[in-house]
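Residue numbers begin at 1 in each chain, while the letters A, B, ... track the order of the sequences.
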Protein chains: 2
Amino acid sequence: MADLPYELVEPQNFFSFCAHCILQMMMQSDGLDLSPRKVEYLKYLRETGDCRKIGELAVHFSVDPSTVSKVVQELASAGLITHRPYGRVMLTREGTLHAEFLLRRHRILALILTHYGLKGEEACQEASRFESYVSRGAVNKICRSLGHPTKGICGSISHEPGCEL
Amino acid sequence: MADLPYELVEPQNFFSFCAHCILQMMMQSDGLDLSPRKVEYLKYLRETGDCRKIGELAVHFSVDPSTVSKVVQELASAGLITHRPYGRVMLTREGTLHAEFLLRRHRILALILTHYGLKGEEACQEASRFESYVSRGAVNKICRSLGHPTKGICGSISHEPGCEL
DNA sequence: TCCGGAAGTTGGTACATGACCAAAATATAT
DNA sequence: ATATATTTTGGTCATGTACCAACTTCCGGA
């Protein structure tokens, strides 16, 4: 952060960025920074309206609670969820935005698979296997190319501001 | 292997399978059994006409020769390549067939990415990241849906017998 | 209010993948 | 035949994702 090229942003242009946009830009990752399991956790939390318990996640993903406990701590360290020991798990604002992307990515990818003859359920499962390795940039291009569809196979697709850039 | 349901194949139908088909069927994996790095090795060996040296692979993938040496041993154990210590690396018949699939998968996936606006090089790199997690079944469906294209972006696509099934 | 069982955490282990280094072994080329 | 280049071996390490056992904390009922 020491050598930020401040000159790149002319003073007269600086205020054309609103705080929200700056936050968005800072938050935007390439979409490849989360491991597959963490992606599943975030999507699940977003889909179920978050505020889940460790045990619920453990049952849903058929893993030991201790496994969930540890991964949840990592997600909390990453600032994507909040979790006090023995407490509930819930998405932060940033985690929510990221989970929105993860769901959009999943649904876009599952959707295009159905265009190639995969059945709904099959497309969903297939997408789940590889989606973690598909970059945000690629997703946005596919999304734009499809005209930002709003209907996926396993849920509706919501488009955050910025995805069409 | 103890409890194979021999009854499932009626004696009068058994000989309708030729040895080649049986071999094919036995060899056909779901396409998800190789780690990303191993996939890269096999594709490279197939593309460069195999019979490579460890050092070449190490340079090409920018990793330590010792890393290559170990992974190569694993591929040899899996029966996909032959490799005597200090000798050349080359694909077995099975390895060649599998590498053909890996190349077809890569090129099919890169191809469809270009249909969504990704540039050639970009599509190739993107595909390389996630292709290891895309099943043979899905690839075959996409392939069939595209009418078994023969021209990919980073090479021609060859279709083994069986891919259109 | 206290207590016991349920829920969650911690610490340890395990396995796969894939990377590195240093040292030993082998091959090759002069 | 020996020096140099290549490869292998044996360690170590990091990441991701699991498990188990033991411990801690929480909560609801008597």
Any salt bridge between [X] and [Y], counting N to O under 4.0 Å?
X	Y	answer
R129(B)	E126(B)	yes
E47(B)	R107(B)	yes
E131(B)	K43(B)	yes

Rounded to the nearest angstrom, tell me the gap between atom [atom1] in [X] and atom [atom2] in [N].
X	N	atom1	atom2	value
Y133(A)	dG16(D)	OH	P	10 Å
L57(A)	dA7(C)	CG	C1'	13 Å
E74(B)	dG18(C)	CD	P	8 Å

From the list [options], which nucleotide is the closest neighbour of the side chain of [X]?
X	options	result
S35(A)	dT17(D), dT9(D), dC20(D)	dT17(D)
K38(A)	dT17(C), dT8(D), dT17(D)	dT17(D)
S66(B)	dT9(D), dT10(C), dG18(C)	dT9(D)
D64(B)	dT9(C), dC21(C), dA18(D)	dC21(C)

Using OP1 and OP2 only, check whether a side-chain N or O of [X] sits under 4.0 Å from [N].
X	N	result
H83(B)	dT8(D)	yes
Q73(A)	dT10(C)	yes
R88(A)	dG8(C)	no
S69(A)	dT9(C)	yes

Mapping Y86(A) and S62(A) to their closest nucleotides on DNA chain D, which lands nearer the 5' end? S62(A)

Hey, does R104(B) have a side-chain heavy atom less than 4.5 Å from the side chain of C143(B)?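 Side-chain contact under 4.5 Å: yes.
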
Classify the side chain of K70(A) versus the base of dG8(C) as yes if they form a donor-acceptor pair under 3.5 Å and no if they do not. no

